[in-house]
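Worksheet: one structure, shown below.
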Amino acid sequence: MFASRKLLQHLQQSITLFSQFRMASSSSTGFRVALLQLTVTADKSKNVANAVRRLQQAKLNGCTLAILPECFNSPYNTALFKEYSEVIPGGETSEALSQAAKSNEMYIVGGSIPEICDGKVYNTCTVWDPNGNLIAKHRKVHLFDINIPGGVCFKESDALAAGNTLNTFQLGKLKIGLGICYDIRFCRNGNTIQKTRL
Ligand SMILES: NC(=O)CCC(=O)C(=O)O
């Protein structure tokens with residue numbers, strides 16, 4: 001997620017670390033953010049239920065915005081992305097996040113999940129408003145391909161198609177740009193969002 005400079009300053013000033021649960025709050029902008037890290041299992045429904053529980057916990061801690069991690073409903077494994085993929089909206093995870101946003105009256109940045117569309121699989125982030133509406137979607141643009149001779153070889157591009165759009169959403173007065181993991185290393189995305197006020 002690419003945040004505006006103002007939001008970043010607030011976050012840097014006020015991030016508090018909990019185990020598996022980080023919250024940032026800002027008295028001047030008047031909202032709290034939960035940054036959630038989750039343990040993922042092979043059971044997709046269990047992963048989704050765990051995320052929903054953590055979102056409820058974020059609400060109980062006074063958060064208006066909660067952010068889930070990349071690939072929170074599926075093992076991070078190129079051989080499995082297709083099996084765990086679903087349509088957006090309408091799939092199991094979309095339905096659960098929409099419901100969680102509505103029942104907790106909060107904004108949810110749904111980390112990412114494998115999305116299937118026209119036979120292609122994407123690594124996709126969804127954003128839900130407090131009425132449970134899907135207000136933004138971002139497909140990871142920069143797929144993480146790494147090949148260290150004698151070391152790690154992992155290629156998201158073996159299984160995933162890349163997105164090709166910049167995406168933002170509005171939270172009160174703040175416009176927030178979206179990026180997934182490796183996307184953040186390519187700062188022209190954030191710069192373009194800032195310069196063009198997308
Ligand atoms: N899932 C990813 O995009 C990993 C990116 C990463 O590890 C990095 O260092 O960048």
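Atoms within each ligand, like the ligands themselves, are counted from 1 in listed order. These figures come from a predicted structure and were not determined experimentally. Heavy-atom basis, side chains included; hydrogens, waters and symmetry copies ignored. The first residue in the sequence is number 1, and the count goes up from there.
Side-chain contact annotation: Glu156 with Thr78, donor-acceptor N/O pair under 3.5 Å absent.
Around ligand 1, the residues contributing at least one heavy atom under 4.0 Å from the ligand are Glu70, Tyr76, Lys140, Phe144, Cys181, Tyr182, Arg185.
When every heavy atom of Asn47 is checked against every heavy atom of Asn73, the shortest pair comes out as ND2-O, 3.2 Å.
Salt bridge annotation for Glu83-Lys44: absent, with no cationic side-chain nitrogen under 4.0 angstrom from a carboxylate oxygen.
In summary, the aromatic rings of Tyr182 and His142 are positioned with their centroids too far apart to meet the 6.0 Å limit.
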Throw together a table of side-chain donor-acceptor distances under 3.5 angstrom for residues 99-107, partners on residues two or more places apart or in other chains.
from	atom 1	to	atom 2	distance (Å)
Ser103	OG	Gln99	O	3.0
Asn104	ND2	Ala100	O	2.9

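Side-chain contact between Val109 and Thr126 is absent, with no heavy-atom pair separated by less than 4.5 Å.
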